[in-house]
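Computed from a predicted structure; not experimentally measured. These values consider heavy atoms only, across backbone and side chains, with no hydrogens, waters or symmetry-generated copies. Positions are given from 1, in the same order as the sequence printed here.
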Amino acid sequence: MRELHFKDNFWNTDITSTGGYDNIIQHLNEGRRTCKEIEDFMKARASIEEKYAKELLSLSKKVCGHNEMNTLKRSLDVFKLQTENVGLSHLQLANTIREEAKKMEDFREKQKETRKKTEHQMDALHKQKAAQYKKTIEFKKTYEQKCRDKEEAEQNMNRNATTSSAKQQEKLYSKTQQAKNSAEEADNMYNSNVCLLGKIREDWQKEYVKACEFFENQEVERISTVRNTVWTHLNQLSQQCVTSDELYEDVRKSLEQCNILEDIAHFINLRRTGDKPPAPVLYENFYSNQRLPPARQPPPINRRAPPIPDSTASGDVLYSTIAEPNYSTIRY
């Protein structure tokens, strides 16, 4: 692919036009805005990392397994410690990202300052070229008008050469010479301004080529810097993931050393209270002061129902027994 350059592709056929130059400047300004946007993006990311780091550090201080013991306690201690270390690593990442954002800010301001001189020089040359062109066109119009005046004076003198008196002819001749001199003077002024415009155009063209080369170099540097900055930023984020994983790996290794049977045995050995269950509680008779085994529940007593009076006896009332379902102690 053929290389393209600013100096070969941003010209205008109109000598007063600055369209190509304006396109370059607009693009460079947009590039500066891109740098500012990346700078702001990284500062925002740094703030997020800092907030996250502080939350992790605060979380690592909370009670977690305070009453645990032995291998599980050691694992939980490592868990809290490495959570704290992850928080510290994110805090370091936030500071690193801010440093990269500051580098981008310094680069952006440096390009702005170095461009300022070239832009001012080109703006002055554009104004000078435009003013000289305008002046040259005015002298051209004056020159053309003087030439028409001279031609008209000569034609008038020739028309009246045979019909006018010698005095009138002399007056016409004098007028023609004056018009001729004015035309020559206008020609010299016009030609002089064309030459001056040519010199200004040449100087402007040389400086414009230099400016295009300078702006192109700045753009190459800007694209390279933005690319490398984003690349570095991603490397930092990737490294943070690696660092966090290494810290979490320490927790996993600690958990591998957590022995369930050992923790059970440790708790038993530390808090054991005895290996014999309590003896049975004996029944103590208040009157005999003897201890007897606990009394068993007596078997239920089956009571026989009282005989049912003979209903045939005169004047006798029928009574319900307790065993009957409709029995009641209430008298009616």
Run the salt-bridge test on Arg45 and Glu100 with the 4.0 Å N-O cut-off and return the result as yes or no. no

Is a side-chain N or O of Lys80 found less than 3.5 angstrom from the main chain of Lys62, in a donor-acceptor match? yes

Heavy atoms from other residues, nucleotides or ligands near CD of Glu249 exceed 12 (cutoff 6.0 Å): yes

Is there a path of hydrophobic side-chain contacts, each under 4.5 Å between heavy atoms, that joins Val226 and Met42? yes

Below 4.0 angstrom, N of the basic side chain to O of the carboxylate: do Lys102 and Glu99 qualify? no

With a 4.5 Å cut-off on side-chain heavy-atom distances among I, L, V, M, F, W and Y, is there a chain of contacts connecting Leu197 to Ile137? yes

Do side-chain atoms of Ser58 reach the backbone of Lys54 as a donor and acceptor pair under 3.5 angstrom? no

Between Lys210 and Gln121, does the side-chain contact (heavy atoms from CB on, under 4.5 Å) criterion hold? Intermediate values first, please. CA-CA 11 Å; Lys210 291 180 182 179; Gln121 184 178 6; over 6 Å; no

Enclosure of Lys146 NZ (heavy-atom neighbours >12, cutoff 6.0 Å): no

For the residue pair Gln218 / Arg222, report whether a side-chain donor-acceptor contact shorter than 3.5 Å exists. no

Determine, stepwise, if the pair Asn70 / Asn259 fulfils side-chain contact (heavy atoms from CB on, under 4.5 Å). CA-CA 9 Å; Asn70 209 41; Asn259 189 303; over 6 Å; no

Tightest non-hydrogen contact, residues Asn269 and Arg272, listed as OD1-NH1, 3.5 Å

Lys180 atom NZ: more than 12 heavy-atom contacts under 6.0 Å: no

Within the side chain of Lys129, is there an N or O that forms a donor-acceptor pair under 3.5 Å with the backbone of Ile15? yes

Between Ser254 and Asp250 (side chain of the first, backbone of the second, donor and acceptor by atom type, cut-off under 3.5 Å), is there such a pair? no

Test side-chain contact (heavy atoms from CB on, under 4.5 Å) on Asn29 and Arg115 and set out the steps. CA-CA 11 Å; Asn29 288 335; Arg115 262 179 53 191; 2.9 Å; yes

Members sharing Phe6's hydrophobic cluster, built from side-chain contacts under 4.5 Å between Ile, Leu, Val, Met, Phe, Trp and Tyr, are Phe10, Trp11, Tyr21, Ile24, Ile25, Leu28, Met122, Leu125, Trp204, Tyr208, Val209, Phe214, Phe215

With no hydrogens and no angle check, just 3.5 Å: does a side-chain donor-acceptor pair link Gln145 and Asp149? yes

Who else is in the cluster with Ile200 when I, L, V, M, F, W and Y are joined by side-chain contacts under 4.5 Å? Leu196

With a 6.0 Å cut-off (strictly less than), is the heavy-atom count around CD1 of Ile260, excluding the residue itself, greater than 12? no

Within 6.0 angstrom of Gln178 CD, more than 12 heavy atoms from elsewhere: no

Flag the pair Met189 / Thr142 as yes when at least one side-chain heavy-atom distance between them is below 4.5 Å, and no otherwise. no

Run the side-chain contact (heavy atoms from CB on, under 4.5 Å) test on Glu216 and His5 for me, step by step, so that the C-alpha distance in whole Å, both residues' side-chain angles and the decisive distance to 0.1 Å come before the verdict. CA-CA 7 Å; Glu216 184 175 332; His5 299 286; 2.7 Å; yes

Does Glu152 pair with Arg148 as a salt bridge, N-O distance under 4.0 Å? no

Under 6.0 Å from the CZ atom of Phe107, do we count more than 12 heavy atoms belonging to anything else shown? yes

Between Glu30 and Thr34, does any side-chain donor sit less than 3.5 Å from a side-chain acceptor? no

Does one side chain, of Asn285 or Ser288, offer a donor that lies under 3.5 Å from an acceptor on the other? yes

Who passes side-chain contact (heavy atoms from CB on, under 4.5 Å) against Val251, sequence neighbours left out? Val78, Phe79, Gln82, Leu255

Flag the pair Leu81 / Asp77 as yes when at least one side-chain heavy-atom distance between them is below 4.5 Å, and no otherwise. no

Do Lys206 and Glu202 sit within salt-bridge range, that is, some charged N less than 4.0 Å from a carboxylate O? no

Please walk me through it: do Glu105 and Lys43 pass salt bridge (Lys or Arg N to Asp or Glu O under 4.0 Å)? CA-CA 11 Å; Glu105 181 182 2; Lys43 287 180 179 178; 3.8 Å; yes

Would Ile38 end up clustered with Leu234 when hydrophobic side chains under 4.5 Å apart are linked, directly or stepwise? yes

Using the rule given for salt bridge (Lys or Arg N to Asp or Glu O under 4.0 Å), can you reason through Asp106 versus Lys110, listing the C-alpha separation, both sets of side-chain angles and the distance that settles it, and then say yes or no? CA-CA 6 Å; Asp106 294 341; Lys110 179 182 176 182; over 6 Å; no

Is there a donor-acceptor contact under 3.5 Å from the side chain of Ser89 to the main chain of Val86? yes

Within the 3.5 Å criterion, strictly below it, is a donor on Gln240 or Ser244 matched to an acceptor on the partner's side chain? yes

If you measure from CG on Asp263 to CG on Leu270, what distance do you get to the nearest 0.5 Å? 11.5 Å

Shortest non-hydrogen contact between Ala94 and Ala46, atoms and distance: CB-O, 3.3 Å

Main chain of Ala183, side chain of Asp187: is a donor-acceptor contact present, judged purely on distance under 3.5 Å? no

Which atoms form the tightest heavy-atom contact between Gly20 and Asn12, and what is the distance? N-OD1, 2.9 Å

For Lys116 and Glu119, what are the C-alpha separation, side-chain angles and deciding distance, and is it a salt bridge (Lys or Arg N to Asp or Glu O under 4.0 Å)? CA-CA 5 Å; Lys116 190 179 295 184; Glu119 287 189 51; over 6 Å; no

When hydrophobic residues are tied together by side-chain contacts of less than 4.5 Å, even through go-betweens, does Phe139 share a cluster with Tyr133? no

Side chain Ser60, main chain Leu57, donor-acceptor under 3.5 Å: yes

With a 4.5 Å heavy-atom cut-off, do Tyr190 and Glu144 have their side chains touching? no

Is it the case that the side chain of Thr16 and the backbone of Ala130 share a donor-acceptor pair, with hydrogens and angles ignored and the cut-off at 3.5 Å? no

Does Gln132 offer a backbone N or O that forms a donor-acceptor pair with the side chain of Thr136 under 3.5 Å? yes

Answer yes or no: is there a side-chain heavy-atom contact under 4.5 Å between Glu49 and Leu91? no

Less than 4.0 angstrom from a charged side-chain N to a carboxylate O is my criterion; do Lys253 and Glu256 meet it? no

What closest approach, in Å, do Thr71 and Arg74 show between heavy atoms, and which atom pair accounts for it? CG2-NH2, 3.0 Å

Using 0.5 Å steps for rounding, measure from the CD atom of Glu109 to the NZ atom of Lys36. 9.5 Å

Between Arg252 and Asp245, is there a salt bridge with N-O shorter than 4.0 Å? yes

